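Because the structure is predicted, anything quoted here is derived from the model rather than measured.
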Protein chains: 2
Amino acid sequence: MATIYEVSKLAGVSLATVSRVINKNSRVSDKTRQKVQDAMTELGYRPNSIAQSLASNRSNSVGILVSELHGPFFGQMMAGIEAELRAAGKHVIITTGHSEEDKEKDGIEFLISRNCDAIILHVEAVTDAYLIDLCKGKMPVYFMSRLVEGLNENCISLDNELGGYLATQSVLEQGHSAIAYIAGPQFKADSKDRLAGHKRALAENDIAFSDTLYFEGDFKETGGSDGLKCFIDSNQQFSALICANDEMASGAITYAREQGLSLPKDLSIIGFDNIIFARHTYPKLTTIDNPVNLMGHMAAKLVLKNIYKQKNMSIIHSFEPTLITRDSVINKN
Amino acid sequence: MATIYEVSKLAGVSLATVSRVINKNSRVSDKTRQKVQDAMTELGYRPNSIAQSLASNRSNSVGILVSELHGPFFGQMMAGIEAELRAAGKHVIITTGHSEEDKEKDGIEFLISRNCDAIILHVEAVTDAYLIDLCKGKMPVYFMSRLVEGLNENCISLDNELGGYLATQSVLEQGHSAIAYIAGPQFKADSKDRLAGHKRALAENDIAFSDTLYFEGDFKETGGSDGLKCFIDSNQQFSALICANDEMASGAITYAREQGLSLPKDLSIIGFDNIIFARHTYPKLTTIDNPVNLMGHMAAKLVLKNIYKQKNMSIIHSFEPTLITRDSVINKN
DNA sequence: TGTTAGAATTTTATCGTTACAATTCAAAGT
DNA sequence: ACTTTGAATTGTAACGATAAAATTCTAACA
């Protein structure tokens, strides 16, 4: 592969001039630029990005840490980030944390060692203290879907508490009062906030939160089925079930039907996230929209603005969930 | 950040010795190694991967091109690849092709310019000729889920023809004879092969393939609903519907129910891929398992073996789909 | 004690760029 | 014609590691 040196020789100019032609920023006379460009195409020259990175101390890559590579939620998130960054000629290095503290830290270390220009984290297991500490380091760090105290400027987050509130409120408005709740893992901030919103809605309507109608799931399909099984086995009475994400809701739906329940007549179910599949459950899942793709775009824009100094980037740090009404909640009024 | 130079100074040894301690391969006396390691921890030294890459002409990164970052199919694929590679200390640079020729080529260019050590491609729009040409270049190229003629050694593929055959055969065995088929985009090799398998099964059972019971979908939910709508609107009679992937099957299920059909009594539906969600449709989707996660692992192993010279890697190039029987196909016998 | 092989270590060149200071050049002003 | 000035260009030193050749050390053997 041809190097900048050969290009400069063929074009009869210095290395530096070639470099400036490549990087478009500084001025070069049209005649010289043309000569250089001709030489480049003649040699099939392609800049060596590694050497560029070493010399410029910039890798043009952004590290991303997600919990899982599969799953509709992370898929949408990554798609948003990648689309935005790719359009700007940056690339993404993606790795996973599996919601485990060690693996998350490991993933972060890995991305740092890879000389990313910035990293975007969707971490769940690691503490705020660790993150605050991390931000004191040299690597710029941004957070997706998590609000770290004092680091608001680096966060793109969803008002999960509001989402939880909305879900419960909407179910209450449909006349339900005995409401079961399957939460996500409570070490995850999202889960905790959604639950808090649920409790607030309950409180505002003078309904007591019942421990026996609460189950902590795993955000996976099994969480939904296990939770519902638990409620049913203990002979609880309830007409509605709120699941802290759509996967659990769909697990619950599947299990409910296995138990011979007719949905939504016998049980109303509402989810959270509005993953693509939510409109293909039966009944179609009423849920809370989580604009995670948009948030991915925004996180990328934040990096583009702060790190790559792109102009005209207006950033929204906080997003609001909205209710998506479909068929899985019945009106009891 | 401390450099190798400072470490060597503090440890009182040369640059090269430090380098050899880092890279574990060549021998260094225990005493020296200890000195160096102490110096490294004292300085909080972390090798600069960019500099390593420039000097060694190896980036320890593998480029991945998938059609989409979201979607259960690609999610599983990426998860497999990443898990395997990450365990070996390599990282993945992921980009997308969106099943469009230009974007795929662009993505490939992008990965090449990023100095990956190898690239793993899941391309659909680009021609075999282009790929054969690409393989003549310097960059090692591997293919996921696509068999490129003459490049078998570089491919990890699924016998899609067999999968298509299996799907149709199983439906036939359940006593169905009027069978509709919603294919994937026919420019994609997978889709074509699955259809070919379908036709073979039909032929073996002396059933004519009917153009009016064929629809070319888009591999998305809409493909399933559009296809089924088309068949129903044209007043076709059929008791079973084969969809070339699960997304389309779930779109078809949703649409069928919207039309008041009772499933699987009025219509049997079978999918392809066995995405996680397939067990949460109603009725639970009978489908063809596509071990794409495993194939991802295998593609990564292939790279590990060929590029990074890891031993003990036994490679399986060709995978076989299997029938997963659930509830969406009724027995008419 | 002197050799010598082999291990351990150092020296030096190199990878392909960018960045910065230094230089040259061309047009305008006096 | 002689400065001046700002744009265009060049030379050279990094960037932080690896790799190959050269050297030094160590211990065993004659």
### Task
For A:Lys31 and D:dA7, give me the distance from atom NZ to atom C1', rounded to whole Å.
14 Å
### Query
With a non-hydrogen cut-off below 4.0 angstrom, is B:Thr17 in contact with a base, only sugar-phosphate, or nothing?
base
### Message
Just the rounded figure in Å: distance from P of D:dA7 to CG of A:Asp30.
### Response
15 Å
### Query
What is the distance, rounded to the nearest whole Å, between atom CD of A:Gln52 and atom C1' of D:dA14?
16 Å
### Query
Which part of the nucleic acid, if any, lies within contact of B:Val13, taking any heavy atom under 4.0 Å across all strands shown: a base, the sugar-phosphate backbone alone, or nothing?
sugar-phosphate
### Separation of atom CG in A:Asn57 from atom P in D:dC15, rounded to whole Å
10 Å
#### Entry: Atom OH of A:Tyr5: over 12 foreign heavy atoms under 6.0 Å
no
#### Entry: For atom CD1 of A:Ile4 and atom C1' of C:dT18, their distance in whole Å
8 Å
### Query
Whole-Å distance between C:dT17 C1' and B:Arg114 CZ?
14 Å
### Message
Counting neighbours of CG on B:Asn152 that are heavy atoms of other residues, nucleotides or ligands and sit closer than 6.0 Å, is the number greater than 12?
### Response
yes
### Task
Could you check A:Arg114 against B:His91 for side chain to side chain donor-acceptor pair (under 3.5 Å), going step by step and ending with a plain yes or no?
CA-CA 9 Å; A:Arg114 243 49 228 204; B:His91 75 263; 2.7 Å; yes
### Query
Given A:Thr95, which of A:Ile119, A:Ile108, A:Leu111 fulfils the side-chain contact (heavy atoms from CB on, under 4.5 Å) condition?
A:Leu111
### Task
Would you mind telling me which of D:dG11, D:dA17, C:dT17 lies closest to the side-chain atoms of A:Leu15?
C:dT17
#### Entry: Under-4.0 Å side-chain N/O to phosphate OP1/OP2 contact, B:Tyr45 with D:dA17
yes
### Message
If I take atom NZ in residue B:Lys9 and atom C1' in nucleotide D:dA17, what distance separates them, rounded to the nearest angstrom?
### Response
17 Å
### Query
Has A:Lys188 got its NZ or CZ under 6.0 Å from the middle of the six-membered ring of A:Phe219, at an angle within 45 degrees of the ring axis?
no
### Short side-chain N/O contact to C:dT9 OP1/OP2 from B:Ser14, under 4.0 Å
no
#### Entry: B:Ala55 or A:Ala16, whichever maps to the more 5' nucleotide of DNA chain C
B:Ala55
### Query
If you find the nucleotide of DNA chain C closest to B:Thr32 and the one closest to A:Asn48, which residue's nucleotide is nearer the 5' end?
B:Thr32
### Query
Would you say A:Asn23 reaches C:dT18's phosphate, i.e. side-chain N/O to OP1/OP2 under 4.0 Å?
yes
#### Entry: Given D:dA17, C:dA19, C:dT9, the nucleotide with the shortest approach to the side chain of B:Arg20
C:dT9
#### Entry: Separation of C:dT12 C1' from B:Tyr5 OH (nearest whole Å)
14 Å
### Query
Looking at the side chain of B:Ala51, which of D:dT10, D:dG16, C:dT17 is the nearest nucleotide?
D:dG16
### Query
How long is the gap from CD1 on B:Ile156 to NE2 on B:His297, to the nearest 0.5 Å?
12.5 Å
### Message
Students often get this wrong, so: under 4.0 angstrom with heavy atoms, is B:Arg58 touching a base, only sugar-phosphate, or nothing?
### Response
nothing
### Message
I want to verify a distance call: between C:dA8, D:dT18, C:dT18, whose nearest atom is closest to the A:Ile22 side chain?
### Response
C:dT18
### Phosphate contact (C:dT9 OP1 or OP2) by B:Ser29 side-chain N/O below 4.0 Å
yes
